[in-house]
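The analysis underlying the following values was restricted to heavy atoms, covering all of them including side chains, and did not include hydrogens, waters or symmetry mates.
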Amino acid sequence: MTPRPSSSGPEPRKTTGKKTAGKKTAKAAEKPVAKKAVAKEAVAKKAVAKKAVANKKGAQKTATKKTAPREAVAPPRAEVAVSPALDAGDRERLLAGTHHDPHAVLGAHRVPGGVAFRAFRPYALAVTVLSGKLRVELHDDGDGFFSGLVPLAEVPLHRLLVAYEGTVQEVEDPYRFLPTLGELDLHLIGEGRHEQLWRALGAHPATHDGVAGTRFAVWAPNARGVRVAGGFNFWDGTGHPMRSLGSTGVWELFLPGVGAGELYKFEITRPDGSRTFRADPLARRTEVPPATSSVVHASDYTWGDEEWLAHRADAPAHEAPMSVYEVHLPSWRPGLTYRDLAEQLPAYVADLGFTHVELMPVAEHPFGGSWGYQVTGFYAPTARLGDPDDFKYLVDRLHRAGIGVLMDWVPAHFPRDDWALAEFDGRPLYEHSDPLRAAHPDWGTLEFDFGRREVRNFLVANAVYWCEEFHIDGLRVDAVASMLYLDYSREPGQWTPNEHGGRENLDAVAFLQEMNATLYRRVPGVVTVAEESTAWDGVTRATHHKGPSGFGGLGFGLKWNMGWMHDSLEYIGREPVHRKYHHHEMTFSMVYAYSENYVLPISHDEVVHGKKSLVSKMPGDWWQQRANERAYLGYMWAHPGKQLLFMGQEFAQGAEWSEAHGPDWWLLDPEYGAAADHRGVRDLVRDLNTVYRATPALWRRDTHPSGFAWVVGDAADDDVLAFLRLDADGTPLLAVSNFAPVVRSGYRLGVPDDVPAWHEVLNTDAARYGGGDVLNPHPVKPDAQGWHGRPASIRLTLPPLATVWLRPA
């Protein structure tokens with residue numbers, strides 16, 4: 001992972017008189033402001049408003065049928081009426097945005113003498129209550145407050161007729177509705193165990209008490225008050241304060257008439273009284289960056305991947321073929337949307353025979369150059385390429401093409417943008433309260449507080465969300481090592497040991513175990529893959545099995561083999577004359593190959609920032625570079641472990657990858673003189689995948705020592721490696737790599753004596769791949785002569801800088 005600094009997007013402007021709508025147009029309509037200093041103008045405006053209300057009353061009989069209001073009933077005469085107006089304290093807190101329970105004072109409430117109606121409508125000239133035949137114009141109490149006492153025995157259903165300058169609107173009263181979150185939701189949130197947290201928090205179009213609108217809910221326990229602001233109220237949340245639901249720290253409000261597509265943010269009053277506009281942490285859709293607002297979203301997508309899901313769990317990932325094509329979506333073919341990609345990417349990947357794609361970036365992020373590693377919208381697919389349903393369409397089409405979908409997932413850290421998660425409600429909330437635990441020393445970001453149950457819940461539910469809502473088949477979890485160690489990139493004195501005096505981050509360990517256990521329990525067939533670069537014990541061990549360190553396993557399905565990647569690239573990048581002195585770099589991986597369930601990654605991180613593309617890492621001239629890459633890929637596909645290859649490397653792109661323009665597809669253009677060279681490497685990748693998938697010996701026992709046996713691992717002077725891969729029934733595949741630039745004729749290798757003949761099924765030196773066509777075209781029969789500790793042997797012609805695969809004929 002190579003994150004870069006994030007850039008903050010624009011924040012909605014705060015205004016006092018003229019408000020900016022900000023939803024579809026750059027210029028907003030002006031809203032009237034009643035000024036006490038201009039008494040005559042105010043009186044004239046209210047006279048106009050009253051006339052408008054009177055003109056509209058005749059049309060109310062049909063307009064009010066939707067709420068089926070109860071008929072008003074007169075109260076007992078013994079009650080003594082009270083003033084319905086709000087007291088000074090409630091008024092002040094509502095104006096300041098610090099009221100924790102606006103529903104307790106706004107709306108309709110039974111009081112001595114009848115029912116008190118109260119409305120808070122900034123900039124309104126008049127407010128009238130409508131309930132059946134009842135029409136009551138409320139008294140203007142100033143500052144946007146209106147109230148009235150109606151002699152009724154019970155609280156009726158009602159609507160409001162609100163007059164502004166030049167318009168009259170009949171609306172539902174948001175403060176007449178009961179909470180939209182139930183006790184179970186709040187209990188689970190409080191316990192940090194709401195596994196479908198996205199269904200409770202965020203913005204959800206819904207019908208509540210027979211009325212269509214959107215329910216908003218956000219966790220902000222340190223806030224003095226929270227209001228909803230958006231295009232629907234001209235980015236002024238003054239009239240839409242939310243209520244606090246008990247001790248959970250959750251704030252909630254149902255807004256009638258607000259639907260999908262509306263922009264919104266939460267206006268939070270911090271403990272110090274200042275205010276901040278924040279994007280919704282659980283927004284399921286966002287504006288296109290650099291704009292930063294959240295978008296109310298309702299999905300209507302119909303999936304068509306039932307067959308894929310039905311068979312996804314037929315075999316665990318470590319016992320099934322898996323070759324992964326890593327894709328940076330915005331640059332694979334720049335300019336394509338999710339739906340455009342859905343028409344091209346599945347066909348391309350299927351043609352090359354990859355079993356999976358790994359997509360980056362998926363979650364929303366403000367700065368494209370971060371490649372999605374500094375996330376601000378953990379629950380929203382990036383809007384750069386389309387809306388959430390468009391992304392579902394891409395996943396669906398990949399599944400229908402028989403391709404699994406993994407995504408990069410980044411739970412380690414988040415950027416400091418002041419409209420996102422950093423000090424979300426005025427104090428450290430998602431980040432750790434200890435600055436030594438919160439600030440990431442390398443990336444300028446903040447680390448999550450994995451010890452806080454609500455934060456853990458936010459992340460665990462997020463993992464579940466992508467797999468349940470978007471049918472994602474697996475998560476490649478970024479930067480796991482940075483989470484596991486308290487002293488990661490920190491010098492002595494910059495970190496505090498855990499309760500046992502160790503360097504392990506016990507909170508992060510518990511989080512990763514909970515995430516993996518929850519995900520595997522809820523989503524059959526899913527796989528999690530750890531990018532973990534240390535020798536942590538038990539990354540892919542079950543969480544309930546303790547290892548020598550005393551920890552249970554982290555519970556991942558697979559782990560990137562970073563050691564194999566570094567060692568093998570170091571070796572293959574050397575001039576052949578020097579390779580014999582570094583032979584151990586190619587054999588050492590088998591010392592620990594079965595300590596974890598591994599993926600062999602040649603990822604985006606290895607082909608950027610001066611590291612060169614895969615083919616450009618190779619020594620020699622252009623022919624030798626391609627031959628080296630082909631030999632390396634053949635060795636990689638035969639080595640125990642799953643494979644991952646970043647886009648562009650499948651056709652030997654010479655230049656480093658850049659997110660600005662993506663792969664150099666022009667290299668494959670028939671009009672380009674060297675196109676055949678690049679097409680040859682791509683043809684090899686296709687054939688590697690084809691033979692790999694058809695040969696269980698190459699994948700069924702990837703994680704068991706019985707699936708591998710050295711033929712010769714110490715032929716350093718020859719630069720030769722040879723080994724057997726074995727299926728569960730003993731069926732072998734012989735892989736031989738010659739990393740020297742010379743042909744080795746009659747090279748003898750020890751083999752089992754129960755195979756009557758061997759047939760070459762793949763040779764990276766074949767002419768169709770751009771090689772010299774030094775082949776073993778006929779079946780090779782073993783001799784009775786023992787060799788390499790085996791009872792029989794064969795003699796092969798080993799092409800230069802090439803890998804050869806043979807199977808029983």
Side-chain angles (χ1 to χ4, degrees), residues 308 310-325 350 352-358 402-404 406 473-474 520 524-530 539-542 553 555-561 564 589-601 633-645 685-711 713 721-737 751-752 754-755 758-762 790 803-809:
W308 170 268
H311 295 285
R312 182 171 62 178
D314 287 352
H318 61 278
E319 295 178 359
M322 177 182 281
S323 58
V324 183
Y325 183 61
L352 291 184
F354 287 96
T355 65
H356 290 71
V357 292
E358 183 176 302
I403 300 163
L406 312 178
D473 302 296
Y520 277 99
V526 76
V527 63
T528 56
V529 185
V539 172
T540 58
R541 189 171 62 239
F556 284 94
L558 298 167
K559 171 183 172 176
W560 275 19
N561 193 335
W564 170 88
S589 60
M590 292 311 303
V591 173
Y592 61 87
Y594 303 106
S595 61
E596 302 281 3
N597 305 336
Y598 283 116
V599 174
L600 311 180
L633 292 175
Y635 154 79
M636 172 181 172
W637 253 251
H639 191 285
K642 312 308 177 184
Q643 296 80 37
L644 180 141
L645 190 65
V685 171
R686 181 187 296 108
D687 289 351
L688 284 170
N689 279 324
T690 300
V691 179
Y692 167 78
R693 295 176 72 165
T695 309
L698 288 172
W699 44 263
R700 196 184 306 277
R701 300 185 73 75
D702 260 337
T703 61
H704 198 280
S706 64
F708 176 92
W710 280 113
V711 171
L721 293 165
F723 52 83
L724 293 168
R725 296 298 308 279
L726 303 164
D727 194 0
D729 61 2
T731 302
L733 178 137
L734 175 61
V736 187
S737 295
V751 293
D754 58 352
V755 177
W758 295 84
H759 170 64
E760 185 176 272
V761 293
L762 187 138
R790 297 184 180 277
T803 293
V804 176
W805 290 359
L806 300 99
R807 285 193 307 212

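- In this structure, the separation between CG on L726 and CZ on R700 is 13.0 Å, given to the nearest 0.5 Å.
- Looking only at distances, a side-chain donor or acceptor of R725 sits under 3.5 Å from a matching main-chain atom of A638.
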Could you walk me through whether I403 and F354 satisfy the side-chain contact (heavy atoms from CB on, under 4.5 Å) test, starting with their C-alpha distance in whole Å, then the side-chain angles of each, then the deciding distance to 0.1 Å, before giving a yes or no? CA-CA 7 Å; I403 300 163; F354 287 96; over 6 Å; no
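- A search for salt bridge (charged side-chain N to carboxylate O under 4.0 Å, His left out) contacts involving R541 returns D537, not counting sequence neighbours.
- For the residue pair W564 and L600, the shortest heavy atom distance occurs at CZ3-CB, 3.6 Å.
- A distance-only check finds no donor-acceptor pair linking the side chain of D473 to the backbone of L406 [under 3.5 Å].
- In this structure a side-chain-to-backbone donor-acceptor pair under 3.5 Å is missing from N597 to T703.
- When the ring pair (Phe, Tyr, Trp, His ring centres under 6.0 Å) test is applied to F556, no partner is found at least two apart in sequence or on another chain.
- Between the Y692 side chain and the G353 main chain, no donor and acceptor come within less than 3.5 Å of each other.
- Under a 3.5 Å cut-off, the side chain of E319 and the backbone N or O of A317 do not form any donor-acceptor pair.
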Should Y598 and K642 be marked as a side-chain contact (heavy atoms from CB on, under 4.5 Å) after you check the CA-CA gap, both sets of side-chain angles, and the distance that decides it? CA-CA 6 Å; Y598 283 116; K642 312 308 177 184; over 6 Å; no
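- Here R693 pairs with nothing under the side chain to side chain donor-acceptor pair (under 3.5 Å) rule; sequence neighbours left out.
- Minimum heavy-atom separation, L633 to V685: CD1-CG2, 4.0 Å.
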